[in-house]
Amino acid sequence: MAGASEPQASAFSAAELEFLAEDEMIEIVPNLRMDQLNFISGDFGPFRPQIATQVPLWLAVALKKRGKCTIRAPEWMSVDKLAQVLEAERDSEKFQHLPFHYVEISRLLFDHAREDIPDIYMVRSLIEDIKDVRFHKIGTGLEIISRERTYALRLKNLSAMEANIVRPFVTRALETFFKLSSSEMIQESDHIPNRQPQATNRGPRRQLKDR
């Protein structure tokens, strides 16, 4: 067990990431008539049958469980869009732009609205392939960090889950590199000899004659 004085890089659990993802907005099509709902996070509705509206994911799931709506899968969850992202991920070293909570959103929809997702098996397969390609890129990047000393790192377009996995390792690695650099600088300063000021040689001194 690490000492209490040693800082640990915090990481979220999968359940905590899913909880955060539930605040993402998504489109539903209600099958009921209901007045506006007022919550601390905002006001949603009014709801009218067959008229699409935007609500947080947690509310969409709650209404879906009660048979009060269907959920429209986000545009990025179409087979065509995911196939394009997968191809771009394979062809580039950069991470392609996806929603920050794409993993958690897709998991929630697979669990609670699978009948509302067209071509769900293909969609699920493409998302898994995208995750695998991105994890491979992350692994390659971490190998480079472990071999080469660096003091800063910029990873653009990481998702919440990916950043959650990378954060503890990168934090510890950067802290180690910083400590090593600081100790080396101290050692170098210790080896530098103390330089004493030297008197300027102005030639032989003249003796003063007695008067």
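If you're wondering where the values come from, they're calculated on a predicted model, not measured in any experiment.
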Run the side-chain contact (heavy atoms from CB on, under 4.5 Å) check on Ile28 and Leu63 step by step: do they pass? CA-CA 9 Å; Ile28 66 169; Leu63 292 173; 3.8 Å; yes
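By the rule that hydrophobic residues join a cluster once side-chain heavy atoms approach within less than 4.5 Å of another member, Val29 and Val61 end up as members of separate clusters. Linking Ile, Leu, Val, Met, Phe, Trp and Tyr whenever their side-chain heavy atoms come within less than 4.5 Å leaves Phe100 and Ile26 in two separate clusters.
Note that CZ of Arg107 and OH of Tyr102 are 10.5 Å apart. Values are rounded to the nearest 0.5 Å.
Heavy atoms of other residues, nucleotides or ligands lying less than 6.0 angstrom from CZ of Phe39 number more than 12. Within a 6.0 Å radius of NZ in Lys137, more than 12 heavy atoms belonging to other residues, nucleotides or ligands are found.
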Going by atom type alone, with no hydrogens or angles, which donor-acceptor pairs under 3.5 Å involve a side-chain atom of residues 12-22 and a protein atom two or more places apart or on another chain?
| residue | atom | partner | partner atom | Å |
| --- | --- | --- | --- | --- |
| Ser13 | OG | Glu16 | N | 3.2 |
| Ser13 | OG | Glu16 | OE1 | 3.4 |
| Glu16 | OE1 | Ser13 | N | 2.8 |

Output side-chain donor-acceptor pairs under 3.5 Å for residues 73-86, partner residues at least two apart or in another chain, one line each.
| residue | atom | partner | partner atom | Å |
| --- | --- | --- | --- | --- |
| Ser78 | OG | Glu75 | O | 3.2 |
| Ser78 | OG | Lys81 | N | 3.2 |

Contacts table for residues 40-60: side-chain donor-acceptor under 3.5 angstrom, sequence neighbours left out:
| residue | atom | partner | partner atom | Å |
| --- | --- | --- | --- | --- |
| Asp43 | OD1 | Asn38 | ND2 | 3.0 |
| Arg48 | NH1 | Met34 | O | 3.3 |

Below 3.5 Å, can you tabulate the donor-acceptor pairs from side chains in residues 122-132 to any protein atom, sequence neighbours excluded?
| residue | atom | partner | partner atom | Å |
| --- | --- | --- | --- | --- |
| Glu128 | OE2 | Lys131 | NZ | 3.4 |

Considering only distance and modelled atom types, tabulate donor-acceptor pairs under 3.5 Å from the side chains of residues 109-117, sequence neighbours left out.
| residue | atom | partner | partner atom | Å |
| --- | --- | --- | --- | --- |
| Glu115 | OE2 | Lys64 | NZ | 2.8 |
| Asp116 | OD1 | Lys64 | NZ | 3.3 |
| Asp116 | OD2 | Lys64 | NZ | 2.9 |
| Asp116 | OD2 | Ile71 | N | 2.9 |

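Remark: the backbone N or O of Glu89 is not paired with any side-chain donor or acceptor of Ser92 at under 3.5 angstrom. Without hydrogens or angle criteria, Lys94 side chain to Ala88 main chain gives no donor-acceptor distance under 3.5 Å.
Pairs passing the side-chain hydrogen bond (donor to acceptor under 3.5 Å, both in side chains) check and including a residue from residues 23-33, sequence neighbours excluded, read Glu27-Arg72.
Nearest heavy atom pair, residue Pro99 against residue Ser159, reads O-CB, 4.5 Å.
Looking at residues two or more places apart in sequence or on another chain, you find a salt bridge (charged side-chain N to carboxylate O under 4.0 Å, His left out) between Glu162 and Arg134.
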